[in-house]
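Have a look at the structure below, then the notes.
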Amino acid sequence: MENTTNKRLTKKDRPKPIDEEIIIPDEEVLISVTDPKGKIIEANDIFVKISGYSKDELVGSQHNMIRHPDMPRVMFKIVWDHIKDRENVMAVVKNLAKDGRYYWVVTDFITKVDADRNVIDYTAYRRPVHEKVKDAVIPLYKTLCAIEEFDGMDASEKFLTNYFEKIGMTYDEMVEEIIVKNCHKAKAMGFGDHPEEEMKVMSKEKKQSLFNKLFGVK
Ligand SMILES: Cc1cc2nc3c(=O)[nH]c(=O)nc-3n(C[C@H](O)[C@H](O)[C@H](O)COP(=O)(O)O)c2cc1C
C-alpha cells in the first residue's frame, strides 16, 4: 500500500554510514518489486526489517535511497543495462540501512514482461553473501569507486570492459564464478539446491579459478 501523505525518500535522505554490519540469516530472501521506472511498489517483511525503513517509507521511493557510497555506480549501470534489455542479471551489492549500518546481498534482478515484451515490473531477490565473496568483491569495488571519484563513471566502465576482455568473461559469468567458486553455502547464495549441477554445465575456462588469480581468494 503506497503512502501518499509522506514525502518519498531519495538519495538526499540517506544516513551517514557507520562501520557496522547487519548479518542476514542464511535462509532469508529480501524481495522488492519496482515499476518500470524503478519506483518501489512492493517489499517483503524481511527486506523492510533489514533496511530499517517502514514499508510505507520504502513503497513509492527509489532504491537509490539505500545505495551505499562504497558501491560503484557502474555496477548499477550494468544492472540497468541488462534489465532494460529484459535480461536477468545478478550482482553483489552492499546496501545502507536506515541507521547507517550496512548489509551485503547477492541480488538476482528479474524482469517481468508482457506478451509484447513490454516491461511490467522488476523484482530483486536478495540473499546473504558468503564472507569469501565479500572479500573478493571489496577490492574490485574499491578500485572502481576510486576511478569514479577521479575520472567518472565512463572511466570505471572502460576499466571494467577491459578487465572482462582480459579475463574472457562477461559480467554475469564473473559473478557466477565468484559465487560458485567461493561459496560453501551455495544454497543460501541463490544457486538452488544443487550448486554442483550449476558447476557441471560451466565451461572449463569458466571454472578456472579466476578470483584466486585476481584477488588472491583461496
Ligand atoms: C528491482 C531493483 C532493485 C534494486 N535494488 C537496489 C538495492 O538493493 N540497492 C541499491 O543501491 N540499488 C538498487 N537498485 C538500483 C537503483 O535503482 C539505482 O540504480 C542505484 O541505487 C544507483 O542509484 P544512483 O545512481 O541514483 O545513486 C535496484 C534497482 C531495481 C530495478
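Because the structure is predicted, anything quoted here is derived from the model rather than measured. Values below: every heavy atom of this structure, side chains too, minus hydrogens, waters and symmetry copies.
- A distance-only check finds no donor-acceptor pair linking the side chain of Asp70 to the backbone of Tyr141 [under 3.5 Å].
- A distance-only check finds a donor-acceptor pair linking the side chain of Glu148 to the backbone of Val74 [under 3.5 Å].
- Summarising the geometry, atom CD1 belonging to Ile41 is positioned 11.5 Å from atom OH belonging to Tyr122; distances are rounded to the nearest 0.5 Å.
- Side-chain contact between Ile31 and Thr123: present, with at least one pair of heavy atoms (C-beta onward) separated by less than 4.5 Å.
- When Met75, Glu149, Met71 are each tested for a side chain to side chain contact (heavy atoms under 4.5 Å, CB included) with Leu144, only one passes: Met75.
- Taken from CD1 in Ile40 to NZ in Lys55, the straight-line distance is 11.5 Å, to the nearest 0.5 Å.
- Note: Tyr125 OH to Thr107 OG1 = 12.5 Å, rounded to the nearest 0.5 Å.
- Residues Val133 and Trp104 form no side-chain contact, since every pair of their non-hydrogen atoms from C-beta on lies 4.5 Å or further apart.
- Distance alone, capped at 3.5 Å, places no donor-acceptor pair between the Asp85 side chain and the Glu87 backbone.
- Hydrophobic clustering places Ile83 together with Phe76 (ILVMFWY residues linked when any side-chain heavy atoms are closer than 4.5 Å, directly or through intermediates).
- Arg101 places a side-chain heavy atom less than 4.5 Å from the side chain of Ile22.
- Under the 4.5 Å side-chain heavy-atom criterion for Ile, Leu, Val, Met, Phe, Trp and Tyr, Val79 and Val29 are members of distinct hydrophobic clusters.
- Closest non-hydrogen pair, Gly100 versus Pro15, comes out as N-CG, 3.8 Å.
- The aromatic rings of His63 and Phe47 sit tilted, their planes meeting at an angle between 30° and 60°.
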Between Tyr53 and Val59, is the side chain to side chain contact (heavy atoms under 4.5 Å, CB included) condition met? List the steps. CA-CA 10 Å; Tyr53 293 95; Val59 172; over 6 Å; no
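- Between Ile50 and Ile24 there is a side-chain heavy-atom pair separated by less than 4.5 Å.
- Distance CD1/Ile110 to CG/Asp121: 11.0 Å, rounded to 0.5 Å.
- Other residues, nucleotides and ligands contribute at most 12 non-hydrogen atoms within 6.0 Å of the NZ atom of Lys49.
- By the criterion of side-chain heavy atoms lying less than 4.5 angstrom apart, applied directly or through intervening Ile, Leu, Val, Met, Phe, Trp or Tyr residues, Val106 is grouped together with Ile66 in one hydrophobic cluster.
- Summarising the geometry, atom CD1 belonging to Ile138 is positioned 11.5 Å from atom SG belonging to Cys145; distances are rounded to the nearest 0.5 Å.
- Summarising the geometry of Lys94 relative to His68, their closest heavy-atom pair is O-CB, 3.2 Å, with the distance given to 0.1 Å.
- The local environment of CG in Asp35 is crowded, with over 12 non-hydrogen atoms from other residues, nucleotides or ligands closer than 6.0 Å.
- Within 6.0 Å of CG in Asn118 there are more than 12 heavy atoms belonging to other residues, nucleotides or ligands.
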Could you walk me through whether Met65 and Asp13 pass side chain to side chain contact (heavy atoms under 4.5 Å, CB included), step by step? CA-CA 7 Å; Met65 66 190 267; Asp13 301 304; 5.9 Å; no
Please step through side chain to side chain contact (heavy atoms under 4.5 Å, CB included) for the pair Leu58 and Ser51, ending with a clear verdict. CA-CA 9 Å; Leu58 289 172; Ser51 75; 3.7 Å; yes
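- Using a cut-off of 4.0 Å between Lys/Arg side-chain N and Asp/Glu carboxylate O, Lys158 and Asp154 are scored as not salt-bridged.
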Chi angles and distances behind the side chain to side chain contact (heavy atoms under 4.5 Å, CB included) call for Leu30, Tyr103: CA-CA 11 Å; Leu30 286 57; Tyr103 55 98; 4.0 Å; yes
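- Taken from NZ in Lys98 to CD in Glu57, the straight-line distance is 3.5 Å, to the nearest 0.5 Å.
- Listed for the Asp151 side chain is no donor-acceptor partner under 3.5 Å among the backbone atoms of Ser156.
- Ion pair Glu28/Arg126 not flagged as a salt bridge, since none of the NZ, NE, NH1 or NH2 atoms sits closer than 4.0 Å to an Asp/Glu carboxylate oxygen.
- Transitive grouping of hydrophobic side chains (ILVMFWY, heavy atoms separated by less than 4.5 Å) brings Leu160 and Trp80 into a common cluster.
- The hydrophobic cluster containing Ile78 also contains Val119, counting ILVMFWY residues as joined when their side-chain heavy atoms lie under 4.5 angstrom apart, directly or transitively.
- Judged purely by atom type and a 3.5 angstrom limit, Arg73 has no side-chain atom pairing as donor or acceptor with the backbone of Gly152.
- The minimum heavy-atom distance linking Val105 with Asn95 is given by the pair CG2-ND2, 4.1 Å.
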